[in-house]
Amino acid sequence: MSTAHQRRSGPRRVGSRIRTAVVTAVVGALTAGGLVATAGTASAQSTLADAAEAQGRYFGAAVAAGRLGESDYTATLDREFNSVTAENSMKWESLQPSRGNFDFSTADRIAEHARSQGMDLRGHTLVWHSQLPGWVENLGTNDLRTAMNNHITTVMEHYQGQVGSWDVVNEAFQDGGSGARRDSVFQRRLGNSWIEEAFRTARSVDPNATLCYNDYNTDAWNSAKTQAVYDMVADFVSRGVPIDCVGFQAHFNSGNPVPENYHTTLQNFADLGVEVQITELDIAGSGESQAQQYGGVTQACLAVSACSGITVWGVTDKYSWRSEDTPLLFDGDYNAKPAYHAVLETLGGSGGGGGGGGDDGDAACTVSYEQTQRWGDRFNGRVTVRAGDAAIGSWSTTVTVHPPQEISATWNGDPSWDSSGDVMTMRSDSGGLPAGGQTSFGFTVMANGNWAAPTLGSCTAS
Ligand code: G2I
């Protein structure tokens with residue numbers, strides 16, 4: 001582990017365990033197509049937070065203060081995550097909308113929620129060209145320098161002892177092949193030295209905070225932007241500019257998929273002696289392909305000892321900044337998606353997903369899978385559905401097969417398929433179950449050469 005990494009001694013609940021993290025070999029044994037659901041294993045962790053913590057990592061979510069009053073939102077957040085980032089409320093325009101007038105009220109609601117739940121708090125973000133109030137754009141050089149340092153100082157002092165990691169500077173490099181600095185008001189007025197000045201100020205205010213540079217499209221090792229950020233961090237480290245961490249936003253979609261060499265990128269930065277964090281993860285898509293990419297990102301973090309944790313950029317698809325891409329781990333009804341299970345299982349957990357949202361009250365059920373028969377070209381699977389301590393009126397769960405597998409027959413349930421054809425949702429076709437009762441449904445999978453067991457979603461009861 002790096003020198004910088006060991007030197008940090010912040011107050012973080014999870015962070016203190018990161019430094020003794022041991023990456024278990026079992027992670028390397030998981031192949032993208034071979035994630036197997038083993039619901040209800042007694043010893044495994046069944047939430048993202050617990051499973052990540054067992055790996056010496058945190059697992060966080062971006063949070064919008066306005067959603068904290070929604071019970072399903074808060075229940076999912078509190079159950080699954082042990083770190084919180086304010087999605088918008090700690091940005092400059094929110095905290096200092098006019099010069100010298102700080103308003104911490106909204107951000108404090110998020111901080112207070114995190115504190116009440118014993119969660120880490122990530123600070124996002126001190127200096128960024130976007131969501132910057134208009135008054136900053138109009139300042140001259142000296143005034144801007146004073147305003148930047150004053151903003152960093154006032155905000156960090158306010159959250160001293162609460163925020164473990166700060167995104168001190170966000171998105172200071174251009175997109176595309178130039179590798180140049182972004183043309184921001186900070187760059188124009190203060191020149192190249194503004195980034196290191198921000199870090200030096202931050203260190204002087206809170207010597208215990210982990211100070212991060214945070215950016216997007218820095219995932220592929222060979223891209224010009226990745227190289228430019230790497231060169232800056234290498235330069236900072238060699239000159240003793242106080243930087244502790246690099247944040248990889250990790251916003252992925254079909255045009256910007258998880259690169260093959262993602263792990264190499266994280267490792268190369270870690271080798272500079274900084275912590276790496278995946279700070280804003282979301283991946284457009286659905287079903288098995290989204291799940292595989294989420295599993296791959298999780299695996300990459302686990303394979304790099306200085307990768308201290310992962311934050312997903314929201315709790316539920318319905319409130320994502322790009323909800324049409326359904327990029328998160330929970331759908332709009334707070335049901336755990338295949339991507340959730342891929343992350344949980346890659347972290348060494350199983351089961352999980354809670355009981356879904358909606359008006360389920362105490363209704364709950366669990367599912368487990370077994371293969372019952374196998375032939376030269378196909379196998380039969382059986383899923384057993386069990387009710388919890390209360391009777392349930394109906395149940396549903398998902399079965400995700402791994403391409404080129406195909407489900408050719410089903411029995412004892414009411415199936416429907418997603419557009420990819422890989423995710424089958426099976427619903428009860430003959431009513432519910434008494435408390436503690438069980439039933440099962442079955443299906444035939446044409447293997448087409450792939451004998452991996454299907455991945456089970458969580459069981460939803462009503
Ligand atoms: O764009 C995605 C993220 C890229 N990295 C930095 C992050 O800070 C950024 O987050 C997004 C938020 O998720 C959005 O919620 O930043 C956007 C602004 O650049 C946020 O969008 C803003 C809308 O633009 C505003 O109109 C809206 O009032 O969200 C505000 C609050 O809902």
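We count ligands from 1, going down the list as the structure has it; atoms in each ligand are counted the same way.
- Geometric assessment of K318 against the ring of Y334 yields a negative cation-pi assignment under the 6.0 Å and 45° thresholds.
- Nearest non-hydrogen protein atom to atom 10 (O) of ligand 1 is W313 NE1, 3.2 Å.
- Open room surrounds CD on E260; 12 or fewer heavy atoms of other groups in view lie less than 6.0 Å from it.
- Protein heavy atoms come within 4.0 Å of atom 1 (O) of ligand 1.
- If you check the side chains of W166 and D206, you find no donor sitting under 3.5 Å from an acceptor.
- Taking CD of E80 as the reference point, atom CG of D50 lies at 8.5 Å (rounded to 0.5 Å).
- For a threshold of 3.5 Å applied to N or O pairs, the pair formed by Q249 and ligand 1 contains at least one separation below that value.
- Among all protein heavy atoms, the one lying closest to atom 11 (C) of ligand 1 is K91 NZ, 3.7 Å.
- For an aromatic pair to be called close, the ring centres must be under 6.0 Å apart, and F236 with Y213 fails this.
- Applying the 4.0 Å criterion to heavy atoms of E171 picks out, from ligand 1, the atoms 4 (C), 5 (N), 6 (C).
- Using the six-membered ring where Trp is involved, Y340 and F330 have ring planes that are tilted, between 30° and 60° apart.
- Closest to atom 21 (O) of ligand 1 among all protein heavy atoms lies N88 OD1, 4.3 Å.
- Protein heavy atom at the shortest distance from atom 22 (C) of ligand 1 is Q131 NE2, 4.0 Å.
- Note on R115 versus E112: salt bridge recorded, some NZ/NE/NH1/NH2 to OD/OE distance being below 4.0 Å.
- Protein heavy atoms are found less than 4.0 angstrom from atom 7 (C) of ligand 1.
- Taking a distance limit of 4.0 Å, we find that atom 16 (O) of ligand 1 is approached by some protein heavy atom.
- Looking at atom 13 (O) of ligand 1, its nearest protein heavy atom turns out to be E87 OE2, 2.5 Å.
- By the definition of a contact as any protein heavy atom under 4.0 Å away, atom 26 (O) of ligand 1 is not in contact.
- For ligand 1, none of its N or O atoms has an N or O atom of W321 under 3.5 Å away.
- Contact annotation for T125 and ligand 1: no heavy atom of the residue comes within less than 4.0 Å of the ligand.
- Contacts of Y216 with ligand 1, taken as heavy-atom pairs under 4.0 Å, are absent altogether.
- Summary of contacts: the protein heavy atom closest to atom 4 (C) of ligand 1 is E280 OE1, 3.2 Å.
- An N or O contact shorter than 3.5 Å is missing between N170 and ligand 1 by distance.
- A donor-acceptor contact under 3.5 angstrom links the side chains of D108 and Y159, judged on distance only.
- With no hydrogens or angles considered, a side-chain donor-acceptor pair links H113 and D78 at under 3.5 Å.
- Pairing each heavy atom of N268 with each of Y230, the nearest pair is O-CE1, 3.5 Å.
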